[in-house]
Amino acid sequence: MRLLRQVRPYRPQFILAMVTSALASLLDGVTVVVLIPLLRVLFGTTGQFGASGSEALTRFTNWLLGPLIQGVPTNVAVARLLGVLVAGLILRNVLAYATTQLQVAVQEGLVRDLRAALFENLLKLDLGYFQRTRQGQILASITTEVDGVKEVVTAALMRLFQSLVKIATILVLMSQISGRLMILTLTTAPILVLGLRFVLVRLRRHARARTQDRGIITSMLAEQVGAVKLIRAYGEEQRQIARLTDQLTRYRTKVLRTSRYASLTGPMSEIFGGLLVILIIVAATTPALIGGVPLAPEAAIAFLVASLQLTSPIKAISQYPALMAVAMASADRVYSVLDEPASDVDGPDDVPLSFTRDIVFDRISFRYGTDASVLTDVSFRLPKGEVLAIVGPSGAGKTTLVDLLPRFNEPTSGEIFIDGVPLSTIQRSSLRAGLGVVSQDTVLLNDTVHGNIAFGSPGATRAQVEAAARAANAADFVAGLPQGYETVLGERGTRLSGGQRQRISIARALLRDPPILILDEATSALDTESERLVQEAIERLMQDRTVLVIAHRLATVRHADQILVLSDGRVVEQGAHAALIARDGLYRRLHDLQFRDPEPVA
Ligand SMILES: Nc1ncnc2c1ncn2[C@@H]1O[C@H](COP(=O)(O)OP(=O)(O)OP(=O)(O)O)[C@@H](O)[C@H]1O
Ligand SMILES: [Mg+2]
């Protein structure tokens, strides 16, 4: 039902496709009808059908074709009938072609809509979702599973309808030629249906396993391709090749097993069709079987042609439950992602950000899911325009703490206020527009330098981008790139060095010019020159802003208005640099460790 609602925007195409496919099926029937007078003229039998031929059909053929063939020489009549056959053939295929085009239009519209909706919802999901869920699985839901869902539209709805119309047309026709022969023919249909079902059920089971295996191969490959350097450095080639080959072999076995059944349906229908032909020929010429009089040859041939047209719709209908089940399973998975509750959305009463006074963290505690507490009772007040440095050992919870401000995560207890307004009532978009984030791991996209710097500032001009790059000490190396600002940085910005990547991300934050800045300094050691360039850029970025900085660099820490020392998620020391050095506690120890060169107690 939900899927059908999704098809709604494409209702005109959908209905038109139904109409064209029904017309194509009807034309198939008409072709058979034309055969009768054609054969009759050719064989020179001018009489009626055999006893079981029907008045209605004769009247119909006469009405349809009489004007073409009555009172003209045989060769002219034959030519005309052949003309009608060819015209019917062409028209039927034009209609079939149109049906396919319309089907594809509806299908791909559905696919596009579902993918866009999935992506939109993904962007609103809780960040925890992305840790709980394998990336391959998320990608599969957007790609393969959506493709599976579209099968519902073709396989189920359209083809089912098409097959039903076709079967109905042919049955009407057969019954008009010879009701008895039709009943006799139909008694064999269950054999085909049962045989096909036996094969299809098994086919489906194996096909599902095969799809799973292919998913595993895809995600393995994605991982390996991303880790080429690591594999090479650690000499893991042979082991990784063996691992993949194992998986490929397993996949091959599954494909073979599937194909054992998949390639069975063809021969089965062939044999069935052949037996049907024999049965019909025998029956048509055995009066005892069909009620006294043998069928006229043209009627028998027309009947044969009609009956052979039955196999493909019967096959389609037998496949229907299996195809539907697979498509429905895909639909389930797609909807399970679509139904994942979006958490990153504003409430109706949320207000825009206004920031003139201060940011207050009031007894904030946080845990990831049900893990142990990562932050406990963290409180501080950061007046506008000041710099708060956060220091502490690795794993102390520094990144976790600053991630609460853009509402990437919500505190488990406690409240954050900006100008006295609880953060949980501030509109996310307006909050984030006021925040610049330079994170610990610089994230660059496979886009140009310009695109990467202007990410989040879509209206930025080239002059503004260049100014930001200059302020971030990035202008020089960008000028050295082959296409300057139009150089594409490659997946994850792999073209650039670590320090260069950092400066691009600083330029990105500078361009946005946010009043509040969150800076998670990367710990990776840069050489002195690069370090100086990055440090200069950071200092420019921090000017005239309210800054939360996770600081590893001496210069940044020393000039901070306050320093928060975190250990195991708790604030253990708090104050200005000089005072903390004087206290001779954790800060002093960290400081001496990190900078090797103990500061004189000021
Ligand atoms: N997404 C997550 N899910 C569960 N636990 C997490 C998650 N992110 C971090 N943690 C845990 O929370 C703790 C604090 O991590 P956090 O990243 O805040 O440390 P940090 O102080 O920034 O360390 P570093 O200086 O190394 O960057 C760590 O014990 C970490 O294992
Ligand atoms: Mg961190």
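Note that the coordinates shown come from a computational prediction; the quantities given were computed from them, not determined experimentally.
- Nearest heavy atom pair, residue Ala471 against residue Arg540, reads O-NH1, 2.6 Å.
- Remark: side-chain polar atoms of Ser439 are not paired, donor with acceptor, to backbone N or O of Thr442 under 3.5 angstrom.
- Atom CD of Gln574 is separated from atom CD of Gln562 by 5.5 Å, given to the nearest 0.5 angstrom.
- Within 6.0 Å of the CG atom in Asp476, the count of heavy atoms belonging to other residues, nucleotides or ligands does not exceed 12.
- Around atom OH of Tyr368, more than 12 heavy atoms belonging to other residues, nucleotides or ligands sit under 6.0 Å away.
- Using a 4.0 Å cut-off between charged nitrogen and carboxylate oxygen, Asp344 and Arg428 count as a salt-bridge pair.
- Heavy-atom minimum distance, Ala396 versus Gly392: CB-C, 4.3 Å.
- Side-chain contact between Val7 and Arg11: absent, with no pair of heavy atoms (C-beta onward) separated by less than 4.5 Å.
- Side chain of Arg432 to backbone of Pro406: a donor-acceptor contact under 3.5 angstrom is found.
- Going from atom CD1 of Ile516 over to atom NZ of Lys384 covers 7.5 Å, rounded to the nearest 0.5 Å.
- Glu386 and Thr546 are not linked by any side-chain donor-acceptor pair at a separation below 3.5 angstrom, with hydrogens and angles left out of the test.
- Contact check for Val549 versus Leu388: no side-chain heavy atoms found under the 4.5 Å cut-off.
- The closest side-chain heavy-atom distance from Arg112 to Glu108 is not below 4.5 Å.
- Expressed to the nearest 0.5 Å, how far CG of Asp147 lies from NZ of Lys150 amounts to 4.0 Å.
- Look at Lys124 and Asp346 and you find no salt bridge, because none of the NZ, NE, NH1 or NH2 atoms lies under 4.0 Å from a carboxylate O.
- Side-chain polar atoms of Glu410 and Ser424 form no donor-acceptor pair below 3.5 angstrom.
- For the residue pair Tyr129 and Ser343, no side-chain donor N or O sits within less than 3.5 Å of a side-chain acceptor on the partner.
- Within 6.0 Å of CZ in Arg363 there are 12 or fewer heavy atoms belonging to other residues, nucleotides or ligands.
- Side chains of Arg503 and Gln500: no donor on one and acceptor on the other come within 3.5 Å.
- A donor-acceptor pair is defined here as one N or O able to donate and one able to accept, closer than 3.5 Å; no such pair exists between the side chain of Ser373 and the backbone of Thr376.
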Between Thr399 and Gln440, is the side-chain contact (heavy atoms from CB on, under 4.5 Å) condition met? List the steps.
CA-CA 8 Å; Thr399 304; Gln440 197 166 13; 3.2 Å; yes
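- In summary, Arg115 and Glu120 do not engage in a salt bridge, as defined by a charged side-chain N under 4.0 Å from a carboxylate O.
- Atom CZ in Arg5 sits 9.5 Å away from atom CG in Leu3 (nearest 0.5 Å).
- Arg243 and Asp246 are not joined by a salt bridge, as no carboxylate oxygen comes within less than 4.0 angstrom of a charged side-chain nitrogen.
- Each of Leu517, Leu401, Leu405, Leu564 was evaluated against Leu548; a single residue qualifies, Leu405, per the side-chain contact (heavy atoms from CB on, under 4.5 Å) test.
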Derivation of the side-chain contact (heavy atoms from CB on, under 4.5 Å) call for Asp520 and Val438
CA-CA 6 Å; Asp520 200 343; Val438 177; over 6 Å; no
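- Evaluation of the side chain to side chain donor-acceptor pair (under 3.5 Å) rule for Glu223 yields no partner, not counting sequence neighbours.
- Judged purely by distance below 3.5 Å, without hydrogens or angles, the side chains of Asp592 and Tyr587 never pair a donor atom with an acceptor atom.
- In this structure, the side chain of Glu573 engages the main chain of Leu586 through a donor-acceptor pair within 3.5 Å.
- A donor-acceptor pair is defined here as one N or O able to donate and one able to accept, closer than 3.5 Å; no such pair exists between the side chain of Asn121 and the backbone of Leu118.
- No donor-acceptor pair closer than 3.5 Å links the side chain of Gln131 to the backbone N or O of Gly128.
- A donor-acceptor distance shorter than 3.5 angstrom exists from the side chain of Arg512 to the backbone of Gly456, with no hydrogens or angles considered.
- Residues Tyr10 and Asp113 meet the side-chain proximity criterion, which asks for heavy atoms closer than 4.5 Å.
- Closest approach of Asp377 and Ser365 over heavy atoms only: N-OG, 3.1 Å.
- In terms of heavy atoms, Ile217 sits closest to Gln247 at CG1-CG, 3.5 Å.
- A donor-acceptor contact shorter than 3.5 Å links the side chain of Asn452 to the backbone of Leu445.
- Minimum heavy-atom separation, Ile563 to Ala576: CD1-C, 4.1 Å.
- Taking the charged nitrogens against the carboxylate oxygens, Asp358 and Arg381 do have a contact shorter than 4.0 Å, which makes a salt bridge.
- Residues Asp349 and Thr425 bring no donor and acceptor atom of their side chains to less than 3.5 Å of each other.
- A donor-acceptor contact shorter than 3.5 Å is absent between the side chain of Arg588 and the backbone of Leu580.
- Minimum interatomic distance between Ala472 and Ala537 (heavy atoms only, all atoms of both residues): O-CB, 3.4 Å.
- A salt bridge links Arg545 to Asp513: at least one charged side-chain nitrogen sits closer than 4.0 Å to a carboxylate oxygen.
- Atoms CG and CZ, from Leu125 and Phe130 in turn, are 5.0 Å apart once rounded to the nearest 0.5 Å.
- Judged as a ring-ring contact (aromatic ring centres under 6.0 Å, His included), not a single pair has a partner in residues 446-475 (not counting sequence neighbours).
- Residues Val421 and Ile426 are in side-chain contact: their nearest non-hydrogen atoms beyond the backbone lie under 4.5 Å apart.
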Step-by-step side-chain contact (heavy atoms from CB on, under 4.5 Å) determination, Leu353 to Ile418:
CA-CA 8 Å; Leu353 170 71; Ile418 296 185; 3.8 Å; yes
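- Within the 4.5 Å cutoff, the side chain of Phe477 has heavy atoms near those of the Ile504 side chain.
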Going through the checks in order, is the side-chain contact (heavy atoms from CB on, under 4.5 Å) test met by Ile142 and Val337?
CA-CA 9 Å; Ile142 302 188; Val337 179; over 6 Å; no
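- Annotation: salt bridge (charged side-chain N to carboxylate O under 4.0 Å, His left out) contacts of Arg2 (sequence neighbours excluded): Asp339.
- Counting only N and O atoms by type, the side chains of Gln107 and Gln103 include no donor and acceptor under 3.5 Å apart.
- Remark: side-chain polar atoms of Arg333 are not paired, donor with acceptor, to backbone N or O of Ser141 under 3.5 angstrom.
- Taken to the nearest 0.5 Å, the CG atom of Leu423 stands 5.0 Å off from the CD1 atom of Ile416.
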